[in-house]
Every structure is written in C-alpha cells, then in structure tokens.
Amino acid sequence: MEQKQLKKIDIIFGWDDKCTPIQVVEKTIKKTAESIILDMIDSGLKGRGGAGFPTGLKWKFTRNEESDVKYVICNADEGEPGTFKDREILDRVPEKIFSGMTICAYVIGAREGYIYIRGEYNFMLKTLQQKVDLFNQQLHDKKVDFQIYLRSGSGAYVCGEESALFESMEGKRGEPRNKPPYPTVAGYNSKPTVINNVETLVYTSEICRMGPEQFKALGTKDSRGSKVFSVSGDTPIAGIYELELGMSLKDFVEDFGDGDTKAIQVGGASGHCVPRKKFNDTIIGFEGIPTGGSMMIFNSSRSMYNVLHDYLEFFTEESCGQCTPCRIGCQQLLKGIEAVKKGERPPTYLDDLKRLTATMKIAAKCGLGQSVANPFTSIVDNFREEIIY
Amino acid sequence: MQMLTDRSKVVSDKKMTFMERIYIPAIVKGMFITLKHFFGKKTTISYPEQKREFSKVYRGQHVLKRDDIGRERCTACGLCAVACPAEAITMIAAERKPGEENLYREEKYAAVYEINMLRCIFCGDCEDACPKEAIFLTDRIVASQYKRKPFIYGKDMLVEPLDPSKRIDISARQTENVNKFKLEKRFAHNK
Amino acid sequence: MPLLKVTIDTIEVEVEAGTTIMNAARQIGGSVVPPAMCYYSKLEGSGGKCRTCLVKVSRSSSKDIRPLPKLVAACRTAVQDGMVVQNTTSPEVMESRQAITEFLLLNHPLDCPVCDQAGECHLQDLSYEHGLEDTNTVEERRTFEPVDIGDYIKLHMNRCILCYRCVMVADQLTDKRVHGVLGRGDHSEIGTHISKAIDNDFSGNMIDVCPVGALTDKTFRFKSRVWFTKPLDAHRECPTCSGKTAIWMKGSEILRVTGRKDKYGELEEYICNDCRFHHKDASDWIIEGPRAIERHSVISQNHYEKLKTPGTTEPEF
C-alpha cells in the first residue's frame, strides 16, 4: 500500500474485545451526566456532519431543557455526493452508534432513539434491524430504559438537514423548518432533541471508552481528533480512510493524488473547490475548510464546467422548493452557466450569477441554499476559462 | 403710477377734426385693406378635394392593431380606459375559446370595445398606457355625423381590416426605441 | 409580563414577549413594515419561505449587543428586549429584497394585462417598490396550462410563487386537504392529487389568500378589471359563516364577492363558498357602505365619491 506516510488511525473501525460497545455503555452510565458532558467538551469533539457544532454543548443544552419526552436521533441520511463513510460505519460497526446514542440518551434523559437512514441504504435495513433488536434486548437485560428504532428516508438530499429530517420523520413533506427554535429546544415532535451524525455518535462512544485525552491528542487546536474521509475521483486508492484533522491539502494530495491532480472538491457538492495553486495553504479542518468527509479528486482530464454543471443539476433537483432564493436561484445558475457555455451570454454574465449566489448565501432558509454559493464561486473564480470556452 | 407694461395708451377725448368727421378717408383705407386680400395667398383649402399634410405624430381616429398573422392584439386589460382623462373608453372582456387562437393573441380578448369620439380629446394617453401595442392614434379624421349615437365607435370601426393590404400604417408613430423593445426576447409577452 | 422594547428603523415600540419583528413593525405601521409574500398572520406556521421580509438585526438584545450574523426573516423571528432592527435603513436589506424580487419574477409571466389579480396583486406591489426596471435574464420561464380545480377555482401554475398559503388554509380551515405542493426543487408545483376537484365549503378562501393570480375565481374570470368595480361592505344572514363580505359591483350588478381584507391584504374573516359564489344578486345583501380603499391603490382610480363637492356659488339673499 502507498499510504505509508499516513498516520494510521483506527478509532472508528477498531474493535476492542475487552470493551465492547455495550460494555462501554455499562461503564459510562455509572458516571454522572455532568461529568460525561465535561468529558465531551474537554475532548473538543465537534459535529462530524460538516457544520461542526461542539457536541458537548449540544448535549448540555438539551439536558437543560425541561421536558418529559426527549429524543436522540442519529442522522444517517448521508446524501452529500462523494460521501460514503456512514454506510461503511453502519455496515461494520453499528453497535458503536447504538452505544453512542445510549450514552447521549442517558445524558439528556431520553427514552427513545431513532436512526434515520437514507432511502438508498434500505438494502441494509434487514441486517441492521437484527442488530438493533439484539442491542435493544441487551439494554433491556441491563435494565437501561432506552430503545432504538430505525426510520427510513425516501431519498431526499434535503432531509439530511436536521429540521427537514424531523419533518420527514413526522410523516410530512421534507422541508427545513424556520430557526429558531433549534432542535435542542424543539426538534422531533417539537420535543428537545439531540441530532448527531453517525460518525459523531461513534466518536462519543469511543471517547467514553478511551477517555478524552487520547482523542484530544490528535488534530489541532480548533479541530481535535480524527475524521473518516471518503476519498473518490482520480485517485488510485479510492476508499475510506480515517485521518487526523488539520493536515494540509498538499500532504493529502501527495498520499492520494495520481500525480496530476488539478483540483479537490472538499466537502462534497456543497463544499469548496480548491485548485492546485492553493493546496499548500489549505488546511482540512474547522480552521481551514470544514468537511463532512468527502474528498473528490479531479485530475487535468476533467472539465470543471461539467463538474459545476453536475453539481448545479443536483442542487436544482434536490432543493426542497420552499424558499425562493434556493428554488429559483439554483435553476437560474444552471441555465446561466449553460448560456455562457453556449455563448448566448457574455462571459461577464458569470459576475451577475455570482451576485445571485451572494444573495442566496444570505437569504436562503437552510444550509442547502446557502452552500450552493461555495462550489459555484470557488469553481467560477478558479476555473473561469473552462466555463467560458 | 408706475405702469407694468409699455403697451398701454392714454385715452384722450379730444374733438375730431372735419376730415375725421366725414369718415370717407377711413372707409377708403378700410376698403383698400380688404381689396389687398383678394390678391394675397389663400389660407383656406377646399376640403375634402384637397387635404392638408399632417404631422407624423398627428393624433386622429384610433385603430386597434392586429399582429403579423392577423390576431387581435388587444387583451382588454383596461389600462387605456383607466388612463383616459375623458373616460371615453369602455370594454367588456371575454375568454378565448379553443379554436380561436388565430383570432386573438391572448387568452383574454375584448368582446366589446367602444370609444366615444365625442368625449375623446385625442390626447394619446391610451396609446401610452397600452402594454400590448394594440391601440394607436392615426392620421385619420373622425367623420362628422348628424346624430350623437354614431360617434360611439365599436370594434367594427376600430379594429383594422384583416386584409394585409388594407392594414393601417402606424410605422411613423413607432419610434426606433419601440421597435427595439419589441425585438428583444426578454420583453416578449407571456413566455 | 413586562413589555419588550424594540427599535425598528430608529422608531421605538413596546410589544409583548413572543411578538415577531413583523408584527412589532405592523404596530408601528407605515414604511417600516417589511413586505410579506408568504406570511399570513391568520395562518399558523406560515412565513419564512419567500424571504422578502428579511431584515437586519444590528443588536440582538440588551444583554447581547452583537448583531445577528445573517439577515433574519422578520415574520418568524421573535423580538428580544432591546433589539435593534434595520429594515429600510439598511442597504444590505434593500439589496437582498431587490434580488428576491428579481428571483420571484424570474418564473412569473408578464401577463398582468390578462391576469384578474392585477390591481390587488402583492407581487405587483413588491416589484413596483423593490423591482428592477429592467431584467437581466433571457431564459425561458417554466410554463403550465391553466387547470380547473373544482367548479369555482382556476389554477394558473405559471403565476404561482409557492407561498404555501393555500395549502395552509386548506389544512387549517378544512378537514380534508386534497391539494398540496407536488414535486421538489424547480419542479415543485401546486396541484391536486390526480386532478381531484376541490369541493369544500370554504375552499374559496384559497383565492383570497393567494398573493398573486395563481388561484382565481372562475365566476369572476375576465368579467372586469378590479379597478372598474366598486367595493362595498355588505353582509347577509349565513348559517355557515359570519356573512360579512366585500362585494364588488359594476353598476347595479355584483361581479364578485370576497372576504374583507385589511391593509396588509389579509382576510378579516373567512367566508363560505355559498356567500362567495352563489349570491350575486344585490337583493341578497344588506349593504353597509363603500369600503375604504387606499388612495394610492389603482382600485380607487376614477372613484369620486370621497371627493368633497364644492359649495354652491349662488349668492345668498
């Protein structure tokens, strides 16, 4: 394998026979909820879905809410193009997710937990359900008052947005809600809810297993720990890798590139496109470019116009259609770059389109519409000539 | 008192002289002026054998235009009527039925469109208000009538003939800007 | 409960806790009120979709003097004590509002001359105030054929701006909603499931809540332009609703019956279909008097009843 320079980390997929996930739960719930929250805050764990909200704080806020019913939800609606890490986690170590959820439920005082799986992963529902049943039984035997249920989505990208996910779970049209209130106050069924990414929950379980210090030792000041990356595109070694946060893109390309890397799309379709000349001073992490784990590598045989066109087609299709800037903006951007490519509009029209993305960024209701500006401006700024000609 | 203009004259009531009192020189002087006009240029013409040349933007009888393939442009939007200072225009709209697409351009059309020519002051505001380039004022003169009723012009008098050779030419009224506006795709109606 | 002090465009107002910025601004009234295309105070959960009411919060509260990082939807954001809001005084807000108007008009056809809503259309008002004079786009608009939904309502999907108000009215006023938003992203449209007809006693209110001409009254279709009709307040004994309506007359004929709308274009009371569609005879109604129409509205054009007649010029003996 060529990944010799890579610092091999095996937190997520590693398996400790002496301390299985259910034993982690057993061990952890002997501590007080406050000390678990302190551990989480101390570890510096931030949400791994992409937005990067500190997990400990999220749990603390929800714990402080007064409510008889609270929920823990695992967001496994992994719809971002180029991301496939959650699928692997769900497939290989689902028990760690369950254990993370149980710990969270213990901290905030929830009795029900849900795993929302994207519709495309339905093939694994059957085996997953068996594992959930087994885990529920173990919890029951150990007199832990918590049960986990599976919920399946129907293949909408926007349902990965937390409030749209609640709507979908409540049986409504998957559309983001107005914020505030935030999920910690009114989430699923308008009750306080913790919603975490699959990977985040696994890390919480692992932090409880090995203590916050070992996790804290990895990464940088702003981005503690490691992260699972889904590497795809023009690379000889596509796949899933757990890497330390805070590495520069240059190191990343040296390990994964095929020697002719032109650009990397960090963070999937809604992330940023980094051209070769900026590899040196771009850091993967919350201080540089935060990512949900997707790294798409493009070499010089790829047309960035096609890349952008595909992304915009994706967003046009996947916008929920609720708020004006996103619904019409995406469609207009797509038509706009097509017109520029065909020569129907002058190249300066791209600047008008960039003005539209600026509006979308400030005016759109949820993260989907706000983040369309990221790939658009980064590709148009760096690869303008490829779009014009 | 200080006068505001210098055009005022002080009226005097001095007694007329003998020559003034017999009036004959004054009569001769007046007759001479009258006679002079027999030989000058005539200011009248004998209409309708002779017609004056009109200004290009003369505002006379209205026309309701058809488009290039003979469909009525008017969609009975009522903007002409609301713009009309004399309230001379009335209309009743109707919905285009399937099969009438070659008669009317839009899904709504004016079933009745009347202009009361006695009220009309030919200001041209209706033409300015029209969003569909349907109504124009032309250089035609509204004919005189003996009764009031015929002055209410209906669609039979206003809509131009279908025959392309008998269309009313309003090209003089369409400025370069208007033509450019019509050519631009982004201003196309109902797309 | 102590009242909260909010400053909107340098005007201070005291409101109850839980009031949204929009409603606080409406208490002040005038030009500080942000426009609303989707928010409807009588519909629970409406708002937050069209993004025309975005305002800048330059001070979150008296405790937290930092500004909010993004523009917020005035219709959905609750005020805090000591909050400072900028609406028309913020160039950023005005710019984004102009851009949203441009977005809304991208798919909206320029068929105001045909549309029955012209004259009382909120999108017309919005584009008059915030729209560009010119358009930058040449792309084709998306087009649909007008469809009949039920016996009384015509749906012009071309004109729809997807404010969801009609869906919420159906949800909150009736038991069984048979129409909704279909599709996603740029395909989203209002429709009934497999062209089901909407027949409900209160379905006509969808016409009144529609901010544009997407849902129009079939009994009034192309009958007259709004500004040629005279609105009068009238009422009748109605077993299903309050019977308090506005009737729109031309001569002695009632062309249309609608609910009474306040100055923000919102219905004061919902009326039933019986009142709305089946009572077009002046003898059915007890007329209260002419409706007050804003002087700047096109509906008040050529209506002289409010003018004072000059006093007589004859000398008195």
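Throughout, protein chains are lettered first and strands after them, A, B, ... in sequence-line order, and every chain is numbered starting at 1.
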Side-chain heavy-atom pair B:Ile92, C:Phe222 within 4.5 angstrom cut-off: no
[atom1] of [X]: more than 12 outside heavy atoms within 6.0 angstrom?
{"X": "B:Glu20", "atom1": "CD", "value": "yes"}
{"X": "C:Glu95", "atom1": "CD", "value": "no"}
{"X": "B:Asp13", "atom1": "CG", "value": "no"}
{"X": "B:Asn102", "atom1": "CG", "value": "yes"}
{"X": "B:Glu49", "atom1": "CD", "value": "yes"}

Name of the residue among B:Cys130, B:Cys74, B:Pro131 meeting side-chain contact (heavy atoms from CB on, under 4.5 Å) with C:Pro113: B:Pro131
Salt-bridge criterion met for C:Arg221 and B:Glu107 (N-O under 4.0 Å): yes
Considering all heavy atoms, the nearest B:Ala81-C:Phe228 contact: CB-CZ, 3.4 Å
Test log, rule side-chain contact (heavy atoms from CB on, under 4.5 Å), inputs C:Val114 and B:Tyr109: CA-CA 9 Å; C:Val114 176; B:Tyr109 67 94; over 6 Å; no
Interatomic distance, C:Asp111 atom CG to B:Lys108 atom NZ [nearest 0.5 angstrom]: 9.5 Å
